[in-house]
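Data block below; observations after.
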Amino acid sequence: MLTAVAGVVGVLTIAAWAVVAWGAKRRDPWLMAPLALAIVVLVAVGEAGWAFLPILLLAGGSFAQLVIGAREAPALRTKDPDGPLSTERWAAAVAAPFRVALAEPWDVVVRPQLRRRYRQVFALEWEITDRASLLATVDRLWAELHAGQSADLVVDLRTGTARSRATGGASAETASLLLTPAQVARMREVTGADSADETVVIGAYQWWKSVHLIRLACGGATLDWLSQAETQNLLRRVATDLQRRYAGWQQLAEAFHGGYLLWHGGGSDDAASDRVWTALGLLTSDPASPWNLLPWDMPLERVPYENGVSNAQPQ
């Protein structure tokens, strides 16, 4: 009887560990394989009592991996390092900071492991709860982005302040914020400003918001709110539009840094723990980053122009 119980519990524990290890896409969970083997061997030789020790260790380790995985430091990961160039891969690279922040592969559009997170983030940040609200948000963001006035971000490196300045003759300043010393140092680094420069100007920084449309496309596809054709259409439209706005990944990195700070609220005591900010640093400096490897001016697949960006038909 004890052997049968140990066998059933052992099988369930091993199955749960395998699911956690596979879903984590990390090496660490697989290091517990000897525990799974020990369970099988002890049950097979009739040492059911002793089998409960590795069962408990494997169960506890699997639970710990779930907790650790949720708190894992930002890391640059890719599912297919040698993946072929494509418009979808280029678009995914644009939104890579949000995946790198979670230590998730940046080059995967549909990521089932993130379904729960997408639901939480969509509801919290965008009040998106279903397909209809997703499509409405996509069209609204697209319209706002193209109807809005172009703006530059003026960063005073001496005082640690940044302000948004409308271009085209308008004098109104739409936003401003105070940066931490670490953020000032990062802005100096990413813009290439030398020690004598006191001010840098990031032109047309507002186009960094295109990344949100890519996030919505990836999330919509993951939650089965967008079909494959709809997702590809959205990614291609946003990618080709953004490619015309900047001359390269360097300009996108500058705009992303400045725009994200404004969007996120700027400097704070928690700046050092901001995972997206850390991810931005990795993507800017790491030689293996898609921002340093993918050609900005690669040919992208285009879609016929239509009013709005989603233009999706009910599934």
Side-chain angles (χ1 to χ4, degrees), residues 90-101 106 125 141-157 160-168 170 172-180 182-193 197 199-217 235 237-267 271 274-286 289-298 300 309:
W90 191 94
V94 171
F98 290 96
R99 284 290 181 85
V100 173
W106 64 264
E125 292 185 8
L141 290 176
W142 178 268
E144 289 178 355
L145 195 57
H146 288 78
Q149 191 173 31
S150 181
D152 295 336
L153 186 66
V154 181
V155 183
D156 189 324
L157 300 171
T161 58
R163 66 182 188 278
S164 177
R165 181 183 65 190
T167 60
E173 294 181 0
T174 57
S176 62
L177 72 158
L178 180 65
L179 308 182
T180 65
Q183 290 169 340
V184 171
R186 174 76 69 81
M187 294 304 295
R188 185 182 293 277
E189 177 184 358
V190 76
T191 58
D197 292 332
T199 303
V200 294
V201 178
I202 301 175
Y205 79 93
Q206 78 278 8
W207 288 104
W208 87 278
K209 295 178 182 178
S210 297
V211 70
H212 293 314
L213 290 168
I214 296 175
R215 292 176 68 201
L216 294 179
L235 291 176
R237 192 179 298 279
V238 175
T240 54
D241 182 66
L242 182 61
Q243 192 183 53
R244 295 193 297 266
R245 309 294 174 178
Y246 298 126
W249 291 105
Q250 175 64 27
Q251 287 189 357
L252 174 66
E254 294 175 6
F256 206 134
H257 274 81
Y260 176 75
L261 285 176
L262 283 178
W263 179 68
H264 196 251
D274 188 333
R275 299 174 68 90
V276 175
W277 184 253
T278 301
L280 277 169
L282 289 173
L283 284 159
T284 302
S285 61
D286 196 313
S289 163
W291 290 7
N292 292 320
L293 295 178
L294 295 182
W296 177 269
D297 56 355
M298 62 172 279
L300 300 180
V309 66

- Going through the checks in order, is the side-chain contact (heavy atoms from CB on, under 4.5 Å) test met by Arg237 and Leu213? CA-CA 10 Å; Arg237 192 179 298 279; Leu213 290 168; over 6 Å; no

- Calculate, to the nearest 0.5 Å, the distance between atoms CZ and CG belonging to Arg275 and Leu282 respectively. 11.0 Å

- Note on the structure: Shortest non-hydrogen pair, Gly160 vs Leu178, comes out as O-CD1, 3.3 Å

- Message: With heavy-atom distances below 4.5 Å as the criterion, would you say the side chains of His146 and Trp207 are in contact?
- Response: yes

- Query: From Leu262 CG over to Gln206 CD, what is the distance, rounded to the nearest 0.5 angstrom?
  - Reply: 11.0 Å

- Query: For the side chain of Arg188 and the backbone of Asp197, is there at least one donor-acceptor N/O pair under 3.5 Å apart?
  - Reply: yes

- Message: Which label fits Trp249 and Trp90: parallel for a plane angle under 30°, tilted from 30 to 60°, or perpendicular past 60°?
- Response: tilted

- Report the residue from Val155, Leu177, Leu261 that forms a side-chain contact (heavy atoms from CB on, under 4.5 Å) with Gln183. Leu261

- Query: Any idea which heavy atoms bring Ile214 and Ala91 closest together, and the distance?
  - Reply: CD1-O, 3.3 Å

- Message: On a heavy-atom basis, which atom in Val94 and which in Leu252 lie closest, and how many Å separate them?
- Response: CG1-CD2, 4.2 Å

- Message: Could you check whether any side-chain N or O of Asp152 sits under 3.5 Å from a backbone N or O of Ala204, counting only pairs where one atom can act as donor and the other as acceptor?
- Response: yes

- Is the Trp277 ring parallel, tilted or perpendicular to the His257 ring (thresholds 30°, 60°)? perpendicular

- Kindly indicate whether the side chain of Trp291, heavy atoms from C-beta on, has any atom under 4.5 Å from the side chain of Asp286. no

- CD on Gln250 to CG on Asn292, rounded to 0.5 Å: 9.0 Å

- Minimal non-hydrogen separation, Pro290 against Ala93, with atom names: CB-CB, 3.8 Å

- Just one of Tyr205, Trp208, Tyr246 clears the ring-ring contact (aromatic ring centres under 6.0 Å, His included) bar with Phe256, so which one? Trp208

- Message: Quick check for you: to the nearest 0.5 Å, what is the distance between Leu300 atom CG and Asp241 atom CG?
- Response: 11.0 Å

- Heavy-atom closest contact (Leu157 atom, Met187 atom, distance): CD2-CB, 4.5 Å

- Query: Distance-only, no hydrogens or angles: does the Trp106 side chain make a donor-acceptor pair with backbone N or O of Ala92 under 3.5 Å?
  - Reply: no

- Query: Is the side chain of Gln251 donor-acceptor paired with the backbone N or O of Gly203 at a distance under 3.5 Å, no angle test?
  - Reply: no

- Query: Got a donor-acceptor contact below 3.5 angstrom from the Glu254 side chain to the Ile202 backbone?
  - Reply: no

- Query: Could you state the interatomic distance from CZ (Arg215) to CZ (Arg99), rounded to the nearest 0.5 Å?
  - Reply: 10.5 Å

- Task: Would you please classify the geometry between the His212 ring and the Trp263 ring as parallel, tilted or perpendicular, with 30° and 60° separating the classes?
- Result: tilted

- Message: Testing the basics here: between Ala162 and Leu153, what is the closest heavy-atom pair and its distance to 0.1 Å?
- Response: CB-CD1, 4.3 Å

- Reported OG1-to-CG distance for the pair Thr240 and Leu235, which is rounded to 0.5 angstrom: 10.5 Å

- Could you walk me through whether Arg186 and Leu280 pass the side-chain contact (heavy atoms from CB on, under 4.5 Å) test, one step at a time? CA-CA 10 Å; Arg186 174 76 69 81; Leu280 277 169; 4.0 Å; yes

